[in-house]
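Numbers here simply count residues along the sequence, with the first being 1. Excluded from the calculations below are hydrogen atoms, water molecules and symmetry mates; all remaining heavy atoms, backbone and side chain alike, are included. Please read all numbers here as calculations on a predicted model, not as lab measurements.
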Amino acid sequence: MKRTAAFIFAHPDDETFLASCLIRQLTDNGDQPILLLATRGDAGKKNGDVGHLTEEQLGARREKEMERAAAILGLKRVEHLGLPDGKLNAADDVWFVKRVAEFIRAHEPEIVITFPEDGGNFHPDHMAISKITTSAVLSGDCPSVQKLYYVASETLKEQGHRPSVSIDTEPWWDMKAAALKAHDSQKYAIARYFGDLRFCPQQRRYEAFVLAWERGSFYPAKSEQSVTDGLV
């Protein structure tokens, strides 16, 4: 039975940095990963040779880069809310939750994956989309969702929450590196995080996800082979 997993992040490239192997794995297993991005990444001028572009031009470029990465990852649907990059915490929460919930209801995913509360690195946009996505899932307006996962972070680990699902990226590295290269406007950030992409960096080897909520239960302690385990 085909399952749908919604990845909800802040910027183009978040999905590739954090969940490219999970996305590709779902695709290869016949499931349907979909992606909602809150911004077009139009403020990310310091991470590539794009300082000469206007925000509108950079946003358009990053959408095209996202299309190329999506083809590599097997994402069949990518949607953008188009909110200002770097200013998600200034958006109206009621409107924002409503828009995310509308996306979820339109595609009826059983699984939602987003940032943890700390955003993984305390980036305000990451923290904002985590809060909004969690609110949408728990609002009662998204009945299809059975499981909510957070990308694993040090804060979650310190709180005693261990990953339910971990994926070794080394066997998938050529695919992940190709998807990262598709986000060329962010190549300096990619190099800082992953190196030159010739080899899988051991400190970034695993994509890990903490099961934050499952059918009314918060942080159930489970070890799973896949995010699709246990769906009804």
Side-chain angles (χ1 to χ4, degrees), residues 1-37 66 69-78 109-121 126 129-130 133 145-157 159-183 186 189-190 193-195 197-214 219-231:
M1 181 178 180
K2 182 169 71 174
R3 303 295 193 171
T4 299
F7 294 79
I8 302 179
F9 290 127
H11 315 100
D13 78 15
D14 290 340
E15 79 301 323
T16 303
F17 268 71
L18 301 171
S20 50
C21 295
L22 175 56
I23 292 169
R24 186 71 240 185
Q25 184 182 80
L26 289 164
T27 299
D28 290 350
N29 287 343
D31 295 308
Q32 179 172 268
I34 59 176
L35 177 63
L36 177 66
L37 297 171
M66 186 64 248
I72 294 166
L73 299 178
L75 281 163
K76 296 298 190 292
R77 177 171 293 276
V78 179
E110 293 90 350
I111 306 151
V112 171
I113 300 97
T114 191
F115 287 106
E117 291 178 305
D118 69 347
N121 60 357
H126 298 176
I129 195 62
S130 173
T133 301
V145 181
Q146 299 182 37
K147 302 168 81 175
L148 171 67
Y149 287 88
Y150 290 152
V151 175
S153 70
E154 284 301 312
T155 300
L156 285 172
K157 183 178 178 181
Q159 293 171 347
H161 303 306
R162 297 294 183 265
S164 300
V165 175
S166 294
I167 298 176
D168 185 353
T169 70
E170 195 162 50
W172 305 78
W173 185 248
D174 288 347
M175 179 278 301
K176 188 177 181 87
L180 287 166
K181 289 175 183 177
H183 292 288
Q186 305 302 297
I190 291 166
Y193 197 80
F194 291 105
L197 301 182
R198 289 184 300 167
F199 308 102
C200 175
Q202 291 305 300
Q203 72 275 21
R204 309 293 186 199
R205 181 170 171 176
Y206 291 90
E207 294 178 357
F209 307 90
V210 173
L211 181 56
W213 177 89
E214 182 179 17
Y219 292 107
K222 299 176 71 173
S223 178
E224 301 176 302
Q225 293 297 310
S226 170
V227 295
T228 61
D229 286 2
L231 294 177

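For the pair Tyr149 and Val112, the minimum side-chain heavy-atom distance is 4.5 Å or more. With contacts defined as side-chain heavy-atom distances shorter than 4.5 Å, the pair Val227/Leu26 qualifies. Contact check for His161 versus Tyr150: no side-chain heavy atoms found under the 4.5 Å cut-off. Between Gln186 and Pro12 there is no side-chain heavy-atom pair separated by less than 4.5 Å. At least one side-chain heavy atom of Tyr219 sits less than 4.5 Å from a side-chain heavy atom of Leu156. By the 4.5 Å heavy-atom criterion applied to side chains, Trp173 and Pro201 are counted as neighbours. Using a 4.5 Å cut-off on side-chain heavy atoms (C-beta onward), Ser226 and Val165 make no contact. Contact check for Tyr206 versus Asp168: side-chain heavy atoms found under the 4.5 Å cut-off.
Rounded to the nearest 0.5 Å, atoms CZ (Phe9) and CG (Leu37) are 9.0 Å apart. Glu224 CD to Leu211 CG: the interatomic distance, rounded to the nearest 0.5 Å, is 5.5 Å. Distance check, rounded to the nearest 0.5 Å: OG1 of Thr228 to NZ of Lys147 gives 7.0 Å. Separation of atoms CG (Leu36) and OG1 (Thr133) is listed at 7.5 Å; rounding is to 0.5 Å.
No side-chain N or O of Thr155 forms a donor-acceptor pair with one of Ser153 less than 3.5 Å apart.
Within a 6.0 Å radius of CD in Gln202, other residues, nucleotides and ligands contribute more than 12 heavy atoms.
Applying the side chain to side chain contact (heavy atoms under 4.5 Å, CB included) test between Leu148 and each of Ile111, Ile8, Thr114 identifies Thr114 as the sole match.
Taking both residues in full, the closest heavy atoms of Ile167 and Cys21 are given as CG2-CB, 3.9 Å, listed atom of the first, atom of the second, then distance. In this structure, Pro163 and Ser166 approach most closely via the heavy-atom pair CB-OG, 3.7 Å.
The stretch residues 4-16 participates, sequence neighbours left out, in these salt bridge (Lys or Arg N to Asp or Glu O under 4.0 Å) pairs: Asp13-Arg62. Listed by first and then second residue, the salt bridge (Lys or Arg N to Asp or Glu O under 4.0 Å) pairs that reach into residues 110-120 are Arg3-Glu110, sequence neighbours excluded. Note on residues 25-36: pairs passing side-chain hydrogen bond (donor to acceptor under 3.5 Å, both in side chains), not counting sequence neighbours, are Thr4-Gln32, Arg24-Asp28.
Between Phe115 and His126, the ring-plane angle classifies as parallel under the 30° and 60° cut-offs.
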